[in-house]
Amino acid sequence: QVQLVESGGGLVQPGGSLRLSCAASGIMFSIGVMGWYRQNPGAQRELVATITRGGTTNYADSVKGRFTISRDNAKNTVYLQMNSLTPEDTAVYYCNAGVLALGGWDSHWGQGTQVTVSS
């Protein structure tokens, strides 16, 4: 059973920073693309950033220049460094990973971590 466990969310003032982490565990042969998504109540889940195993990144226009995604393949962990946060960044942030396990390739989600940007 593959599990993704997120950490690092919380309350921060506008202009502040947070760093999210997401660690994958379980029986896995390989992890492909990893990413972060976010969602507010009543809204669709939206892409924040993705990163391939080789380090190629992709960002939503709304976070370019402020957020940085990175990963440590040895630790099966992906990170999201969020700087210059605004209230519009408030959301539940979800980690996603494409994982090759016993049943083949599948997409896995974490449980979500709340990020609130408010003064």
Side-chain angles (χ1 to χ4, degrees):
Q1 185 80 1
V2 174
Q3 286 189 321
L4 300 181
V5 179
E6 298 128 336
S7 61
L11 173 64
V12 64
Q13 292 188 340
S17 298
L18 281 175
R19 189 189 194 212
L20 306 182
S21 299
C22 171
S25 63
I27 300 175
M28 301 174 291
F29 300 126
S30 182
I31 302 177
V33 176
M34 304 184 81
W36 291 94
Y37 295 73
R38 64 188 182 187
Q39 187 173 24
N40 280 306
Q44 287 190 331
R45 191 170 297 186
E46 63 176 5
L47 168 73
V48 176
T50 61
I51 184 168
T52 68
R53 186 170 183 83
T56 300
T57 59
N58 178 55
Y59 294 94
D61 288 342
S62 59
V63 307
K64 282 181 181 176
R66 300 187 299 122
F67 291 9
T68 302
I69 189 171
S70 61
R71 64 190 282 173
D72 184 333
N73 291 329
K75 296 181 179 179
N76 295 328
T77 300
V78 63
Y79 306 96
L80 185 68
Q81 178 66 43
M82 304 185 293
N83 298 329
S84 303
L85 286 160
T86 73
E88 288 68 37
D89 296 315
T90 295
V92 178
Y93 283 69
Y94 295 91
C95 171
N96 176 267
V99 178
L100 177 61
L102 292 172
W105 283 100
D106 204 356
S107 178
H108 295 270
W109 293 91
Q111 80 285 357
T113 185
Q114 177 70 47
V115 171
T116 302
V117 185
S118 176
S119 55

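Contact record, Ser119 with Pro14: N-CD, 3.7 Å, taken as the closest heavy-atom pair. In plain terms, the two heavy atoms of Arg71 and Arg53 that are nearest each other are NH1-N, 3.2 Å. Across every non-hydrogen atom of Met34 and Asn76, the tightest pair is CE-O, 4.2 Å. Taking both residues in full, the closest heavy atoms of Gly112 and Val92 are given as CA-CG1, 3.8 Å, listed atom of the first, atom of the second, then distance. Shortest non-hydrogen contact noted between Met28 and Val2 is CG-CG2, 3.8 Å. Heavy atoms only, all atoms of each residue included: Gln81 and Ser17 are closest at NE2-CB, 3.9 Å.
Taking the side chain as every heavy atom from C-beta outward, Met82 and Asp89 never approach each other to under 4.5 Å. A heavy-atom distance below 4.5 Å is found between the side chains of Gln114 and Thr90. Ser62 is listed as a side-chain neighbour of Arg38, based on a closest heavy-atom distance under 4.5 Å. The side-chain heavy atoms of Val78 and Ile31, taken from C-beta on, include no pair separated by under 4.5 Å. No side-chain heavy atom of Leu20 sits less than 4.5 Å from a side-chain heavy atom of Glu6. The shortest distance between side-chain heavy atoms of Ser7 and Thr113 does not fall below 4.5 Å. Here the side chains of Thr68 and Tyr79 are not in contact, with every heavy-atom distance at 4.5 Å or above. Side-chain contact between Tyr59 and Ile51 is absent, with no heavy atoms from C-beta onward closer than 4.5 Å.
Cluster annotation: Val99 is not connected to Leu102 through the hydrophobic network of ILVMFWY side chains, with a link wherever side-chain heavy atoms come within less than 4.5 Å. When the side chains of ILVMFWY residues are joined at heavy-atom separations under 4.5 Å, either directly or via intervening members, Leu80 and Val117 end up in a single hydrophobic cluster. Residues Phe29 and Trp105 are members of one and the same hydrophobic cluster, defined by side-chain heavy-atom contacts under 4.5 angstrom among Ile, Leu, Val, Met, Phe, Trp and Tyr. Under a hydrophobic-cluster definition in which Ile, Leu, Val, Met, Phe, Trp and Tyr are linked whenever side-chain heavy atoms come within less than 4.5 Å, directly or via other members, Val115 and Val63 are assigned to the same cluster.
Atoms CG and CD1, from Leu100 and Ile27 in turn, are 12.5 Å apart once rounded to the nearest 0.5 Å. Put simply, OG1 on Thr50 and CG on Asn58 are 4.5 Å apart, with the number rounded to the nearest 0.5 Å. From Asp61, atom CG reaches atom CG of Leu47 across 10.0 Å, with rounding to the nearest 0.5 Å. Atom CD of Gln1 is separated from atom NE2 of His108 by 8.0 Å, given to the nearest 0.5 angstrom.
Under the 3.5 Å distance criterion, the side-chain polar atoms of Asn40 are left unmatched by any main-chain donor or acceptor of Ala43.
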Dump the intermediate steps for side chain to side chain contact (heavy atoms under 4.5 Å, CB included) on Leu18 and Phe67, then the final yes or no.
CA-CA 10 Å; Leu18 281 175; Phe67 291 9; over 6 Å; no
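A 6.0 Å sphere centred on CD of Glu46 holds more than 12 heavy atoms belonging to other residues, nucleotides or ligands.
Glu88 pairs by the side-chain hydrogen bond (donor to acceptor under 3.5 Å, both in side chains) definition with Thr86, not counting sequence neighbours.
A side-chain donor from one of Ser107 and Asn96 sits under 3.5 Å from a side-chain acceptor of the other.
Ring geometry, Tyr94 versus Trp109: the interplanar angle exceeds 60°, so the pair is classed perpendicular (tilted spans 30 to 60°).
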